[in-house]
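Chain identifiers are assigned alphabetically (A, B, ...) following the order of the sequence lines, protein sequences preceding nucleic acid strands; residue numbering begins at 1 within each chain.
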Protein chains: 2
Amino acid sequence: MNLKELADSLNLSPTTVSRALNGYPEVREETRARVLAAAKAANYAPNSRARRLATGRAMTIGHVIPLTGRAEMVNPIFADFLIGAGEVYAREGYDLLLSMVTDGDTEGAFRQLAANGSVDGVMVQAPVADDPRIALLKELDLPFLVHGRTGDPTGYSWLDIANIRAFRRATDFLLDLGHRRIALLNGQEAFDFAQRRRRGFEEALAARGLAPLPHLMADDAMTESFGYLTASAMLDGPEPPTAFLASSVIIAIGIRRAASERGLRLGRDLSVICHDDELSYLNNDVGGPAFTATRSSIRAAGRRCAEILIELIRHPERPPIQELWDTDLTVGQSTGPCPTR
Amino acid sequence: MNLKELADSLNLSPTTVSRALNGYPEVREETRARVLAAAKAANYAPNSRARRLATGRAMTIGHVIPLTGRAEMVNPIFADFLIGAGEVYAREGYDLLLSMVTDGDTEGAFRQLAANGSVDGVMVQAPVADDPRIALLKELDLPFLVHGRTGDPTGYSWLDIANIRAFRRATDFLLDLGHRRIALLNGQEAFDFAQRRRRGFEEALAARGLAPLPHLMADDAMTESFGYLTASAMLDGPEPPTAFLASSVIIAIGIRRAASERGLRLGRDLSVICHDDELSYLNNDVGGPAFTATRSSIRAAGRRCAEILIELIRHPERPPIQELWDTDLTVGQSTGPCPTR
DNA sequence: TTGAAAGCGGTACCAC
DNA sequence: GTGGTACCGCTTTCAA
């Protein structure tokens with residue numbers, strides 16, 4: 001059943017039926033009611049391919065996930081972000097096109113999407129300090145929103161969480177407990193977010209006149225084994241840390257394993273707190289609470305990002321939208337003591 | 001730049017240009033070369049919306065992810081499956097449409113996709129014993145492939161891993177080590193896969209004349225807290241288990257936490273092995289190896305499922321394709337001893 | 001308030 | 001080999 005057939009069955013023109021279905025005001029209410037009833041009875045839905053061609057809009061938003069590192073979208077963070085964004089897309093009538101790029105040819109993927117017009121806009125995630133995607137997307141004139149920021153966060157739209165502030169507070173929390181040898185297990189510092197986190201960490205130390213200890217700082221892809229191996233080495237080395245600050249719950253789990261193997265009890269012998277936790281899926285009780293982003297806040301970020309992107313698509317001439325989010329701070333709700341070792 | 005403009009600039013008809021671009025044989029090679037060169041120079045790419053309308057194919061495959069349980073797609077398994085499938089889709093020129101359904105209205109989502117023709121086929125995951133989606137998709141005449149099986153696995157295409165066999169072997173492995181009180185922490189047994197896993201577990205016990213111990217069997221959404229709470233209760237209860245068989249690495253992590261809190265060392269005081277592990281992301285060293293699906297095997301399953309689905313889309317009249325996969329068995333490569341307690 | 005008709009940008013059949 | 005042309009199914013002027 002297509003529009004023409006539906007129209008014929010009603011002795012109306014396709015024009016009128018289309019107008020009735022799309023809520024145009026110039027249709028007599030009685031006619032609209034008839035059309036709506038018939039459409040429902042016939043289980044009619046407009047052909048999206050035809051509609052997209054006619055309107056010139058794809059009604060689709062692209063998420064391009066680079067699979068260079070092994071931990072990219074597998075990261076539960078990505079999944080939750082997708083869920084949040086997907087919710088909004090569905091509500092607003094947009095489809096979500098997920099494009100996985102293995103060979104690192106993100107640029108080619110964007111060019112493709114822009115050239116054949118299969119999306120109206122794209123979401124950009126995990127930007128590096130000077131991310132080439134931004135210049136490219138501007139050149140392609142494809143609406144986009146960055147989740148995160150680059151080193152120069154001007155001239156484009158983004159939503160980011162206040163990473164510096166979050167890590168400063170987390171570090172303060174550990175310092176207040178009396179810790180002096182705090183290890184930072186960070187995400188890859190090629191990414192902007194990791195750079196900011198480190199800055200927050202160092203600022204908190206500096207505020208108390210402390211210098212960061214190089215042997216207690218590491219960054220890498222946020223995997224369990226990174227946490228495990230690095231924590232093992234640090235705990236076995238000279239001047240072991242009495243507390244860990246992890247950039248992700250996955251890393252914290254690795255730390256937990258290293259601690260467990262050495263007979264160290266979290267919350268008694270060692271403090272571990274982490275960012276990007278997810279309270280229900282991987283329980284955050286790792287000897288201290290997650291201190292910032294939780295699963296629901298990641299989802300909320302996804303929702304808000306989607307809303308902004310849709311706004312940008314609908315109003316292409318709009319000036320950039322930039323939002324800095326302060327994340328939920330659950331520090332202080334520790335389930336147990338976190339003493340100095 | 002569209003086809004007509006490109007054709008004009010070459011003094012050719014759109015027909016010829018289209019044929020040249022799409023590799024039709026009746027084009028003179030010299031002409032084809034000219035067209036290809038011009039297309040590349042002009043950075044021309046055919047408008048996908050127009051092409052989709054003209055061909056009647058969406059060149060898109062839908063994955064509908066129900067978000068009823070909190071652990072659905074957040075499960076890393078889903079992500080890896082998506083990655084594998086996405087690889088194949090990209091190679092074959094298909095887009096991946098990801099549709100998240102929150103209110104449990106999966107049926108509505110499928111009807112929608114079918115009615116407006118935005119996908120050529122859909123992937124079905126995590127079927128329950130008598131899954132209503134299968135009848136629905138048949139009725140809608142939408143090509144689909146089920147990852148998993150229902151109770152009656154006839155009349156439709158599916159790819160499943162040999163869950164019964166896998167769990168029988170895993171249980172045998174623990175029995176061979178001398179364990180007699182083995183706990184099964186399973187996924188929700190409403191899902192077909194969990195029922196099969198349990199059957200494998202019970203078959204292995206029965207083969208040695210052992211009866212399953214009801215107080216050592218539990219099933220639920222595969223979360224860390226399920227593993228933690230259940231293992232805690234079992235370990236503190238009468239006749240505690242000496243080994244755990246977990247349906248997912250996430251559950252195993254929870255078990256590990258419970259064990260750690262009680263001062264139990266894995267591989268010494270307690271054995272824990274799990275299915276659906278992922279060797280690099282969340283390290284599987286939980287006092288015993290993962291015994292079946294690894295991250296790469298999940299990805300491979302995604303790839304194969306995509307291939308089959310595309311085959312079904314291209315040949316709608318094809319009889320059902322059904323594949324049973326035996327998973328990688330890494331049991332026996334334990335990193336440490338797994339004695340009876 | 002309704003309808004006729006011209007696109008949207010390709011594909012594919014049929015002539016030449 | 002190449003070109004003319006009728007679709008694909010809907011939206012959107014423009015007229016009535």
### Summary
A correct 5'-to-3' footprint of nucleotides 9-16 of chain D, with B, S and - meaning base, sugar-phosphate only and no protein heavy atom under 4.0 Å, is BBBBB---

### Query
Just one of Phe193(A), Phe81(A), Trp325(A), Phe191(A) clears the ring pair (Phe, Tyr, Trp, His ring centres under 6.0 Å) bar with His147(A), so which one?
Phe81(A)

### Message
Taking Watson-Crick (N1-N3 plus N6-O4 or O6-N4) and G-U wobble (N1-O2, O6-N3), each under 3.5 Å, can you produce the dot-bracket string of DNA chain D? Use [ ] for crossing pairs and | for inter-strand ones.
### Response
||||||||||||||||

## Note on the structure
Separation of dT2(D) atom P from Leu10(B) atom CG, nearest Å, is 12 Å

### Task
Would you tell me whether Thr60(B) and Arg52(B) have side-chain atoms, one donor and one acceptor, within less than 3.5 Å of each other?
yes

### Query
In Å, rounded to the nearest 0.5 Å, how long is the span from CG of Leu12(B) to OG of Ser18(B)?
12.0 Å

### Message
Using a strict heavy-atom distance below 4.0 Å, which residues from residues 27-40 of chain A are in contact with DNA chain D?
### Response
none

### Message
Show the nearest heavy-atom pair for residues Ala306(A) and Val88(A), with the distance to one decimal.
### Response
CB-CB, 3.6 Å

### Side chains of Ile308(B) and Trp158(B) in contact at under 4.5 Å (non-hydrogen atoms)
no

### Message
Could you tell me if Thr154(B) and Asp152(B) have a donor-acceptor pair between their side chains, going purely by distance under 3.5 Å?
### Response
yes

### Message
Is there a side-chain contact between Thr16(B) and the phosphate of dT2(D), meaning an N or O under 4.0 Å from OP1 or OP2?
### Response
no

### Task
Mind calculating the distance between CG (Asp8(B)) and P (dG9(C)) to the nearest angstrom?
13 Å

### Query
Does atom CG of Asp130(A) have more than 12 heavy-atom neighbours from other groups under 6.0 Å away?
no

### Task
Apply the side chain to side chain contact (heavy atoms under 4.5 Å, CB included) test between Leu159(A) and each candidate in Gln322(A), Arg304(A), Glu307(A); give the one that qualifies.
Arg304(A)

### Task
Output yes when Glu30(A) and Arg34(A) qualify as a salt bridge under the 4.0 Å nitrogen-oxygen rule, no when they do not.
no

### Whole-Å gap separating P (dG7(C)) and CD (Glu5(B))
15 Å

### Query
Does the side chain of Leu96(A) reach to within under 4.5 Å of the side chain of Leu82(A), using non-hydrogen atoms?
yes

### Task
Just call it for Asn11(B): base, sugar-phosphate, or nothing, with non-hydrogen atoms closer than 4.0 Å on any strand.
sugar-phosphate

### Query
Are Gln188(A) and Val128(A) close enough that some pair of their side-chain heavy atoms sits under 4.5 Å apart?
no

